[in-house]
Amino acid sequence: MKRKADSIAHPYASQSRMSSPAPVSVETFLIDEDGVLTYSKGFDLTSFGIRPGRASGLSVFDLFSDEPSLLQTIERALGGESITTETIVDGTTYSTSFSPVLNSIGKVKSVIGVSFDITESKRTAETVRKSEFRLRTLYNSAHDAIFTMDNKTFIDCNEATLRIFECRKDQIVGQTPYRFSPPAQPDGRPSELAAMERINAVLNGQPQFFEWRHIRYDGTPFEAEVSLNRIDLEGEVQIQAIVRDVSERRQAEDENRRLAMVANATTNMVLLGDKEGRIEWVNPAFTKVTGFSLDDLLGKKPGRYLQGPETDQGTADFIRSHIKSGLGFKDVEIVNYTKSGKPFWVSIEVQPIHDSAGRLVQFVAIESDITERIATRKALLEQNEDLIKINAELDRFVYSASHDLRAPISSLLGLIEVARLEKNTTNMEQLLEMQEKSLLRLDRFIKDIVDHSRNTRLQIESKPVNFDRQVQGIVEQLQFMDNVQSIRRIVSVEQADNFYTDPSRLDIILNNLLSNAIKYADLRKPDPYLEVNIRSNDKLAEIRVRDNGEGIPREAEGKIFDMFYRASSNGAGSGLGLYIVKEAILKMGGSISVHSEYGSGTEFVVEIPNLPHLIS
């Protein structure tokens with residue numbers, strides 16, 4: 001019964017299977033109000049025992065009882081509904097129309113069926129549909145902006161247009177090209193005038209390709225390449241425009257030009273190599289330093305030509321292995337050779353270059369000629385060795401001088417005391433006092449030299465100190481200085497915890513600061529004083545030494561810590577004391593500052609760290 005159904009739905013389908021005559025383009029059949037197939041024209045009903053053109057007398061409800069969809073269609077037609085269906089049989093597409101025929105009272109008396117072979121028209125329509133789909137897909141998926149124009153405004157555009165110009169479709173359709181252009185192009189010409197010239201040229205059959213500065217909807221400029229072509233559609237002339245945003249490319253080109261200018265102008269040697277390290281380009285500085293031109297080394301690995309007898313092979317192997325592994329490196333120093341065979345030192349930095357997919361494509365090498373630097377470094381090392389030897393000899397001299405000079409000084413001081421016991425000669429006392437002062441000055445100078453030497457040479461010793469006992473010990477040492485009894489002394493110490501520092505250097509600091517305060521006291525004032533204030537915690541100690549003595553001239557404040565500098569002509573110091581104090585404090589990791597008003601007094605503030613914290 002399936003075969004019968006195909007026959008009624010597609011009148012000449014059975015003909016193609018059961019007879020050889022060529023199919024006709026249109027077939028008709030008639031069904032009466034009871035569903036009886038009463039007439040067929042050109043419809044081969046031999047399968048039912050009926051010749052074409054004769055009434056069959058067979059009910060469609062019997063013939064097609066196993067085809068409910070077909071019977072439903074026929075019933076709808078007998079109910080007065082006009083229906084058209086499409087069916088594919090053996091690769092052929094048929095369109096069959098069922099049209100009801102009404103009697104005088106509007107009742108269906110029969111249904112006329114007409115069947116067409118629409119295979120070719122369907123194929124043509126599908127081909128057109130697929131072609132249009134492909135074109136529309138290409139149109140909308142293109143990376144470039146594509147739009148159509150009449151002689152002045154935009155008519156349609158693809159999605160890329162909206163992305164590039166950063167707008168909605170209704171914001172660009174109906175607008176002119178110069179709405180999306182700055183007032184003038186880079187050459188100074190008005191955008192509207194230049195755009196209309198291009199449009200008129202393409203309308204006259206001259207395709208246009210040019211560079212243009214566009215602006216996005218918000219006014220942001222960008223560089224573009226524009227292609228214009230004329231399109232004739234059913235007598236209507238339009239323009240197809242393709243706009244490519246080349247801003248990033250231009251930026252990259254500009255950057256490459258700038259980099260090329262730098263590479264050509266720099267005194268550093270620059271090389272470009274492929275991913276295997278073979279040379280592709282060298283800058284003029286490379287040729288100037290090495291004597292090798294690009295033609296000499298193109299496509300070759302540089303190590304074969306630049307390395308020689310004095311080249312460290314370990315360093316050369318390091319360079320080769322990193323390039324082979326695609327890795328960069330920097331600050332590698334090696335001996336290279338010029339084309340004439342002259343050795344020179346270079347510092348090399350090599351970096352890999354990858355493409356957008358992360359694949360290694362090139363290496364760039366930057367080499368600096370450091371021959372002079374290496375020579376200077378070698379000279380400094382030699383000088384340093386000489387200085388070490390000189391310092392050792394100077395230390396031996398200081399120790400020898402302190403021993404050989406202080407021994408007779410001690411003897412002279414003893415003799416002076418014995419001479420003072422002699423009361424018979426009045427001049428002897430005055431002479432001996434002068435000798436004593438000179439010898440004491442010499443003794444202080446030698447002591448300063450020894451302190452400086454010890455501070456420079458000896459390492460820091462971290463020991464617990466008691467600031468109060470340390471200060472009292474210094475005060476006792478200085479009690480025989482001139483005028484010390486006329487100065488009021490104030491000592492305040494707050495030390496809660498153990499404090500670790502270098503006792504010897506602390507002695508040097510306190511001795512110099514207190515002795516200076518005594519030495520430069522202003523005894524003309526009603527209450528000359530010296531104040532020592534020390535506060536310490538588990539992190540640091542602050543030592544303040546303040547007096548109301550002569551003070552320091554403002555122009556001298558920045559120099560008082562210089563070696564051999566003396567801010568006052570009244571004293572007889574060596575000019576080493578405060579220099580040694582500052583060096584000792586720096587050695588201990590501390591700091592010192594001074595505030596002074598000339599004629600009013602001076603305050604020194606010293607901060608030293610608790611050394612175990614530094615050590616840990």
**Asked** Are Phe222 and Phe165 close enough that their ring centres sit under 6.0 Å apart?
**Response** yes
**Request:** Could you tell me if the ring centre of Phe318 sits under 6.0 Å from that of Phe329?
**Result:** yes
Between the side chains of [X] and [Y], is a donor N or O closer than 3.5 angstrom to an acceptor N or O?
X: Ser368; Y: Asn268; value: yes
X: Asp150; Y: Thr153; value: yes
X: Ser340; Y: Thr338; value: yes
X: Gln240; Y: Gln238; value: no
X: Arg198; Y: Gln208; value: yes
X: Ser191; Y: Gln185; value: yes

**Request:** Check Pro177 against Ile199 and note the closest heavy-atom contact, atom names and distance.
**Result:** CG-CD1, 4.0 Å
**Asked** Checking Arg163 side chain against His143 main chain: does a donor-acceptor pair fall under 3.5 Å?
**Response** yes
Heavy-atom check, side chain of [X] versus side chain of [Y], under 4.5 Å:
X: Glu367; Y: Ile348; value: yes
X: Val108; Y: Val101; value: no
X: Phe292; Y: Pro302; value: no

**Request:** Start with the C-alpha gap between Lys539 and Glu607, add the side-chain angles, then the distance that decides, and say whether salt bridge (Lys or Arg N to Asp or Glu O under 4.0 Å) holds.
**Result:** CA-CA 10 Å; Lys539 294 182 179 179; Glu607 289 187 353; over 6 Å; no
**Asked** Is a salt bridge present between Lys109 and Glu33, judged by a nitrogen-to-oxygen distance below 4.0 Å?
**Response** no
**Prompt:** If you measure from the Lys or Arg side-chain nitrogens to the Asp or Glu carboxylate oxygens, is any gap between Glu280 and Lys275 under 4.0 Å?
**Reply:** no
**Message:** Taking atom NZ as the centre, does Lys152 end up with more than 12 heavy-atom neighbours from other residues, nucleotides or ligands that are less than 6.0 angstrom away?
**Reply:** no
**Asked** Are Asn283 and Thr266 close enough, and set up right, to give a side-chain contact (heavy atoms from CB on, under 4.5 Å), and what steps lead you there?
**Response** CA-CA 9 Å; Asn283 73 334; Thr266 183; 3.7 Å; yes
**Asked** What orientation do Tyr217 and Phe180 show, parallel under 30°, tilted 30 to 60°, or perpendicular over 60°?
**Response** tilted
**Request:** Enumerate the residue pairs fulfilling side chain to side chain donor-acceptor pair (under 3.5 Å) with a member in residues 288-299, sequence neighbours excluded, ordered by first and then second residue.
**Result:** Ser293-Asp296, Asp296-Lys339
